[in-house]
2 protein chains.
Amino acid sequence: MKLTEARQQFISSWGAFGTHWGINRTMAQIHALLLVSPDPLTQDDIMEELNISRGNTNMNIRELINWGLVDRVLITGERKEFFSAEKDIWKVVKQIVKERKKRELEPMLHLLDRLEAVEGDKKDKQVKTFVDTISSIKKLGKQADKTLDSMIKAEESWFVGALMKVFK
Amino acid sequence: MKLTEARQQFISSWGAFGTHWGINRTMAQIHALLLVSPDPLTQDDIMEELNISRGNTNMNIRELINWGLVDRVLITGERKEFFSAEKDIWKVVKQIVKERKKRELEPMLHLLDRLEAVEGDKKDKQVKTFVDTISSIKKLGKQADKTLDSMIKAEESWFVGALMKVFK
DNA sequence: CTATATTTTCAATAATTTTTGAAATTTCGA
DNA sequence: TCGAAATTTCAAAAATTATTGAAAATATAG
C-alpha cells in the first residue's frame, strides 16, 4: 500500500472510530491528519487535505485545542498559525481520560449522590431496587474514578509492564 | 426527593450520558428504566413510562438484547413478553467492554496491522512519521486489548480490591 | 494608521440520526 | 386451523447534529 492511500485510510477510519465515542467525524479526522503529519499544518493545509470548509476546520481545531490534543505553533517568519498534535499516544490517551472524567464521570457521580438520598421506605420494593441500583453504580463509578486518577499519573512504561501482571 | 422524581432524573441523565458514548438516548433510557424496575416490564409498560412509540421501543429493546444487557423473560400465564436488565453493574460493564472491544478495538487493530506495512523509505519524513504513529497506536491498542481481556474475566471484588494497590 | 491577511462567528443549509405509526408478520390460545 | 393479540418492520417525518460560506472581527506588516 502506498503512503497516500494508507494515510487516507487511517484518517477515514479514525473519523469513523471517533463517531462511536461521541466525537464528531471531522474533529477525529483533523486529529488523525495532524498525528501523521511530521510538521505543523495551517488551517488552509487542513481544509485542502480533508476537503472541508474554513468554518468547520476552525471550530474543530479549537475544540481539539480545548481537549488539549492539539497545540498552536508559532513559526518565525510566518504570519499564519500552525497546528500540531501531541504525538505521544499515551499522553493523548491520558488527556482524553482526564477530560472525559471531568466532563462526564464526575457530574454523574454527583448526581448519584443526590439520587441515593431518595425519600421512602426501603421495604418498598420500588425504593429498594432504586437505591440498590444507584448505590452499586456509584460504588463502581467511584472506584473507576480513583483508578483513572492513578492512571492519569502513571507512566506508560509502568502501565504496560505492571498492569499485565496484576490482571494475571 | 421523591422516588418518582429521582427515577425520572436517573433515566434522563442516563440517557444523556449514553449519547456521549455513541449510544442513543432512548436505548440508554430503556436500560435505565429496566435497571430501576424490580420486576420485568412489557413493551407497553416501557412505551407508557418513557412516552415513546411502539416501533422505537421494540427496536431499542432488541438492540439492548443484542448487547447482552437485557433479557427476555417468560412469565407463566402471560402472553406478552417481559424484559429485564442485568442488575449486577460489574457484569454490565464487562458486557459492554466485551462488545465494544469486539466491535471497535479489534477491527481497528487489524487495520493498523495492514497500515503499518506501508511501502516507502523510512528515511522519508512522511513515511517515518506515519509508521511511527501507527506503530505506537498499535502497541497501546494491543496492550489495552490484553488488559481488557483480563478485566472481562475478573471478579468485581478482586478488581475493586486489587487494582487500587497496583495503581498505588 | 491603513490595508490586507488571517481568524472567528453564526445564521442558513445540508446531512445524519432518531422516531413515528401503520401495515405486515408472527405467535398462540381456543 | 382460525382469529385476536403481540411483535416486527420500515418508509416517511421529525429532530438533531454537522457543515458551509460569507460577513465581522482581529492581527500584523508596511
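In what follows, chains carry the letters A, B, and so on, assigned in the order in which the sequence lines appear, proteins first and then strands, with residues in each chain numbered from 1.
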- Item | Results of side-chain contact (heavy atoms from CB on, under 4.5 Å) for A:V127 - residues two or more places apart only | A:D124, A:V131, B:L3
- Item | Partners passing side-chain contact (heavy atoms from CB on, under 4.5 Å) against B:A32 (at least two apart in sequence or in another chain) | B:F10, B:I11, B:W14
- Task: Quick one: list whatever passes side-chain contact (heavy atoms from CB on, under 4.5 Å) with A:P38, sequence neighbours left out.
- Result: B:K125, B:Q126, B:T129
- Closest-nucleotide 5' rank along DNA chain C - winner of A:R62 and A:R25: A:R62
- Task: For B:S135, check side-chain hydrogen bond (donor to acceptor under 3.5 Å, both in side chains) against everything at least two apart and list the hits.
- Result: B:E116
- A:E78: partners by salt bridge (Lys or Arg N to Asp or Glu O under 4.0 Å), with sequence neighbours left out: none
- Item | Sequence-distant partners of B:N58, side-chain hydrogen bond (donor to acceptor under 3.5 Å, both in side chains), two or more places apart | B:Q43, B:R62
- Message: Going by salt bridge (charged side-chain N to carboxylate O under 4.0 Å, His left out), name the pairs with one or both residues in residues 44-58 of chain B, residues two or more places apart or in two chains.
- Response: B:R7-B:E49, B:D44-B:R54, B:D44-B:K80
- Query: Can you give the first and last nucleotides of DNA chain C, 5' to 3', that have an atom under 4.0 Å from a heavy atom of chain B?
  - Reply: C:dT18 to C:dC28
- Basic-acidic side-chain contact under 4.0 Å: A:K138, A:D145: no
- Item | With sequence neighbours excluded, residues passing side-chain contact (heavy atoms from CB on, under 4.5 Å) with A:K102 | A:E99, A:E106
- Item | For B:R25, side-chain hydrogen bond (donor to acceptor under 3.5 Å, both in side chains) partners two or more places apart | none
- Message: Under 4.0 Å, heavy atom to any atom of DNA chain D: which of residues 30-59 of chain B qualify?
- Response: B:Q43, B:R54, B:G55, B:N58, B:M59
- Task: Mind running a 4.0 Å heavy-atom check of residues 66-82 of chain A against DNA chain D and sending the residues that fall below it, in number order?
- Result: A:R79
